[in-house]
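Note: hydrogens, waters and symmetry copies are ignored here, and every other heavy atom, side chains too, is used. It should be emphasised that the depicted structure is a prediction, and the values quoted were computed from it without experimental measurement. By convention in this document, chain letters (A, B, ...) are assigned in the order of the sequence lines, proteins followed by strands, and residues within each chain are numbered from 1.
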Protein chains: 2
Amino acid sequence: MKTRPPTATEDSAAETAGQFPFGINVEGLPCIKCPARTSDLCGALSDKNLPALFQASTLIELRKGETLFLDDQPAQHIFNVITGTITVFRTGPSGQRQVVNFLFTGNLLGITPEDHYGFSAEACTTAILCRWERAKFEDLLILFPNLDRQFRLISSKVLARSIDLAYSLGQLTAEQRLAAFINQLHERQSKMASDPMTVLLTMSRADMADYLGLKVETVSRALSKLKVKGVISLPASDRVVIIDRDHLRRLSQSA
Amino acid sequence: MKTRPPTATEDSAAETAGQFPFGINVEGLPCIKCPARTSDLCGALSDKNLPALFQASTLIELRKGETLFLDDQPAQHIFNVITGTITVFRTGPSGQRQVVNFLFTGNLLGITPEDHYGFSAEACTTAILCRWERAKFEDLLILFPNLDRQFRLISSKVLARSIDLAYSLGQLTAEQRLAAFINQLHERQSKMASDPMTVLLTMSRADMADYLGLKVETVSRALSKLKVKGVISLPASDRVVIIDRDHLRRLSQSA
DNA sequence: CGCTCTGTTGAGCTGTCTCAACGGCCGTGG
DNA sequence: CCACGGCCGTTGAGACAGCTCAACAGAGCG
């Protein structure tokens, strides 16, 4: 893609430092706020400038089930998931819940130019995140044009995933949705998976059901069907092993 | 919301003109490319600078059914709908189609920082749009910071609508989806509607079905049910009159 | 050890789909 | 001008996927 703004190479701007706005120590990577450059934002910054980003953030920890924010709250913070799983969802007036995304290590959360979040988020497992004041984060976007670009790309991927979900919900059967879901998790976990064919289901069946627009029983049945077909195995309820990758792929597509 | 970048008031930048980058005539509003300031982008620019935006665009016309672009094509253009209805959709490998949005007068199309669109668009009715080269449009975003801000807000609304759709598809029954859909159209058309309680269905039942994750017969039946209940009337197949607004609202919500 | 919570499985029910027929509208051609 | 054919929307009857209600087993925890 053609890069429009005629900005400097690499991280630009703050290269002209000496006067880092947060007075940080540039040494000592990796830092605990972004171990092994896991954040989705890292691609935008060099080892040299990465600390400037994370020094501006605060670490927070959530227990399973704690809410991070609700949709009608003012969007004061941006978050980055360090460990654990976060559930992003919308609730209806009669208590129904549609999960719109699961967030894992490295994923960004709270992106919006509006003054309210417009969606809710809670801890699906115990989780550690780092949190920026929104104003401070926006300063960083100005300071590092590459970061801003990366940020826009991430926003675009969020939309793409949301369209994928709509496609799943509108066009696929229960079994196909499950297959597509496992494939999605597989892809997202492949970077840091221990075993290349194992997918971790860090969320409950209820959370999966709320994401896939199904009931828990249906999720359970669909998983069983995939197991009986020999496409996957379930060594534990939170662990799927993909046996026939191509078959799983096909299942997630055809009608 | 707190506006971060310390930019000038109003449209900023090009105020220092004399050397307008596109050598246009600032007089003569409204122009045919944006009659009555209908574009979603207009909020960002004054009458004085609006022509700079639209002078940089080309008018194009599409007949009903013609495709504007496909998801795997390079994202070279940004569009603004002037008249007609555009269908934005994703297709599956076996020909299934999930409509993710309908676009009307003023709506923006083709927004993405990626090099490919990632979704397809076609004319749902005969339509007129104006089209920008993407590079040129991005120049304008830099020239007018207010425009850039408006652009981000629009992108955010696109995501919000996509989340709404996922909620509908995952949590609502056929009748509820129809009710919600009619409400949505009602809100979007209220600005320029002739009759305040009439909603125009400019798309076919098939398009509605592909949007709502239903079959045409189910759409038809759901509309009939709403009619029998006395919530709406259907003076023509492309025209809904809302009789009981509150009831329709309630139907689109509760389980 | 017993409690609760989560996940699985079964049986019957219901909403949506499938298949089919039909009527109205519109463009085409006699 | 009317007759015809194709397309679109509506309605009915039966099929089926996913839901509801219910029972039960295993894991986690006090």
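Below 30°, between 30° and 60°, or above 60°: for A/Phe69 and A/Phe79 the angle between ring planes is below 30°, a parallel geometry.
Residue B/Met208 contributes atom CE, which lies 11 Å from atom C1' of D/dG9 at whole-angstrom precision. Rounded to whole angstrom, the span from the CG atom of A/Leu214 across to the P atom of C/dG7 amounts to 15 Å. The NZ atom of B/Lys215 sits 14 Å away from the P atom of D/dA17 (whole-angstrom rounding). Rounded to an integer number of Å, the gap from CG of B/Asp207 to C1' of D/dC7 is 14 Å. In this structure, CD of A/Gln171 is placed 17 Å from P of D/dA17, rounded to the nearest angstrom. To the nearest angstrom, P of D/dT10 lies 12 Å from CG of B/Leu226. Taking atom CG on B/Leu178 and atom C1' on C/dT16, their separation rounds to 13 Å, with Å as the unit. Atom-to-atom, CZ of A/Arg239 to C1' of D/dA27 comes out at 15 Å; the value is rounded to the nearest Å.
Side-chain contact annotation: B/Arg188 with B/Gln184, donor-acceptor N/O pair under 3.5 Å present.
The distance between the ring centers of B/Phe102 and B/Tyr211 falls below 6.0 angstrom.
Distances shown here put every side-chain N or O of A/Thr218 at or beyond 4.0 Å from the OP1 or OP2 atom of D/dG18. The phosphate of D/dA27 has neither OP1 nor OP2 within less than 4.0 Å of any side-chain N or O from A/Ser237.
No engagement by B/Leu223 is indicated, since no non-hydrogen atom pair under 4.0 Å with the nucleic acid exists. Within the 4.0 angstrom heavy-atom criterion, only backbone atoms of the sugar-phosphate kind lie near A/Ser204; the bases stay farther away.
Among all heavy-atom pairs drawn from A/Leu153 and B/Glu114, the shortest one is CD2-OE2, 3.8 Å. Considering all non-hydrogen atoms of both residues, B/Arg97 and B/Thr91 come closest at CG-CG2, 4.2 Å.
In this structure, the nucleotide among D/dG18, D/dT10, C/dT8 sitting nearest to the side chain of A/Ser224 is C/dT8. Here the nucleotide nearest the side chain of B/Arg205, chosen from D/dC21, C/dT16, D/dG9, is D/dG9. Among the nucleotides D/dT20, D/dG18, C/dG7, the one closest to the side chain of A/Ser220 is C/dG7.
Take the nearest nucleotide of DNA chain D for A/Glu217 and for A/Arg177: the residue whose nucleotide is more 5' is A/Arg177.
The base of C/dG10 sits with one of its N or O atoms less than 3.5 Å from a complementary donor or acceptor on the side chain of A/Arg221.
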